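For reference, the structure discussed in these notes is given below.
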Amino acid sequence: QVQVAESGGGLVQAGGSLRLSCAVVGNDFSINSGGWYRQGPGNQREWVASITSGGATAYADSVKGRFTISRDTAKNTLSLQMNNLKPEDTDVYFCKAVRIRLGRPPYDVWGQGTQVTVSS
């Protein structure tokens, strides 16, 4: 069952910007940590950015300086601000959140993905 959902994808020209958002379906849990991934050429999804429960962020070299991941605790959302987009950024982007429940180990939950297309 889908537990998080992405929005904000679309078509943009090279050099443009998009902001992706990730929200919990039904607001059933709180997003404390997670990240953004894109499909990439293979079966293994390519890591793009992550944020820890303490707010520390990290980025793949390919997007460093252009993308910013953030968490809005009040809105319970995870966002990815993408600036200076390049055609090679074209992909399906996925949100991953870590769900923490009392009495159970934490586990990853994934959205269905949102398409980002950057034209040259």
Side-chain angles (χ1 to χ4, degrees):
Q1 192 171 22
V2 177
Q3 294 180 298
V4 295
E6 305 93 340
S7 63
L11 174 65
V12 67
Q13 287 185 315
S17 298
L18 286 172
R19 185 176 179 87
L20 308 182
S21 294
C22 175
V24 177
V25 177
N27 204 27
D28 289 334
F29 70 97
S30 297
I31 298 177
N32 299 115
S33 63
W36 290 91
Y37 297 73
R38 54 195 183 193
Q39 186 62 65
N43 291 328
Q44 184 68 259
R45 289 174 180 172
E46 176 188 4
W47 170 71
V48 174
S50 59
I51 186 166
T52 70
S53 59
T57 59
Y59 301 90
D61 287 341
S62 59
V63 307
K64 194 173 298 180
R66 300 187 297 120
F67 291 9
T68 303
I69 187 171
S70 62
R71 179 187 63 215
D72 189 323
T73 302
K75 296 181 179 180
N76 197 27
T77 57
L78 194 67
S79 297
L80 184 69
Q81 178 67 45
M82 304 184 293
N83 296 328
N84 192 25
L85 283 161
K86 304 176 183 296
E88 52 262 42
D89 294 320
T90 295
D91 215 327
V92 178
Y93 285 71
F94 298 88
C95 171
K96 185 195 77 174
V98 180
R99 184 172 183 178
I100 300 174
R101 294 186 292 181
L102 183 65
R104 300 187 183 191
Y107 66 96
D108 297 338
V109 296
W110 294 87
Q112 293 292 104
T114 185
Q115 177 70 49
V116 171
T117 303
V118 184
S119 62
S120 61

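Quantities reported herein were computed from a predicted structural model and do not represent experimental measurements.
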Test side-chain contact (heavy atoms from CB on, under 4.5 Å) applied to C95 and W36, step by step: CA-CA 5 Å; C95 171; W36 290 91; 3.9 Å; yes

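- Panel note: side chain N76, backbone I31; a donor-acceptor pair is recorded below 3.5 Å.
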Worked check of side-chain contact (heavy atoms from CB on, under 4.5 Å) between V63 and W47: CA-CA 10 Å; V63 307; W47 170 71; over 6 Å; no

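- When all heavy atoms of I69 and G34 are compared, the closest pair comes out as CD1-O, 4.3 Å.
- Within the structure, ring pair (Phe, Tyr, Trp, His ring centres under 6.0 Å) pairs that include any residue of residues 63-106 do not occur (at least two apart or interchain).
- Here the side chain of Y37 pairs no donor or acceptor atom with the backbone of Q44 at under 3.5 angstrom.
- Using a 4.5 Å heavy-atom cutoff, the side chains of V116 and T90 are not in contact.
- Between A97 and V4, the shortest heavy-atom contact is CB-CG1, 4.2 Å.
- Here the closest non-hydrogen pair linking N83 and S17 is OD1-OG, 2.9 Å.
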side-chain contact (heavy atoms from CB on, under 4.5 Å) between D28 and Q3, intermediate numbers included: CA-CA 8 Å; D28 289 334; Q3 294 180 298; over 6 Å; no

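- For the pair D89 and R38, the salt-bridge criterion is met [side-chain N within less than 4.0 Å of a carboxylate O].
- Proximity of a side-chain donor or acceptor of R101 to a complementary backbone N or O of Y107 within less than 3.5 Å is not detected.
- Closest non-hydrogen pair, R66 versus L85, comes out as NH1-CA, 3.8 Å.
- What you find for A49 and L80 is that their closest heavy atoms are CB-CD1, 4.2 Å.
- The line from OG of S120 to CD of Q13 is 9.5 Å long, rounded to the nearest 0.5 Å.
- In plain terms, the two heavy atoms of R71 and L78 that are nearest each other are CB-CD1, 4.1 Å.
- The number of heavy-atom neighbours closer than 6.0 Å to CD of Q115, taken from other residues, nucleotides and ligands shown, is above 12.
- Without hydrogens or angle criteria, R19 side chain to G8 main chain gives no donor-acceptor distance under 3.5 Å.
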Residues D108, V98; criterion side-chain contact (heavy atoms from CB on, under 4.5 Å); working and verdict: CA-CA 5 Å; D108 297 338; V98 180; 3.7 Å; yes

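- Counting only distance, with no hydrogens or angles, the side chain of S30 and the backbone of N32 share no donor-acceptor pair below 3.5 Å.
- Judged by distance alone, the side chain of D72 and the main-chain N or O of T77 form no donor-acceptor pair under 3.5 Å.
- Between S21 and K75 there is no side-chain heavy-atom pair separated by less than 4.5 Å.
- Side-chain contacts under 4.5 Å among hydrophobic residues (ILVMFWY), followed directly or transitively, place L11 with no other residue at all.
- Between R45 and K96, the closest side-chain pair of non-hydrogen atoms is not below 4.5 Å.
- Around atom CD of E88, more than 12 heavy atoms belonging to other residues, nucleotides or ligands sit under 6.0 Å away.
- In this structure A14 satisfies the side chain to side chain contact (heavy atoms under 4.5 Å, CB included) test together with P87, V118, sequence neighbours excluded.
- A distance-only check finds a donor-acceptor pair linking the side chain of E6 to the backbone of G113 [under 3.5 Å].
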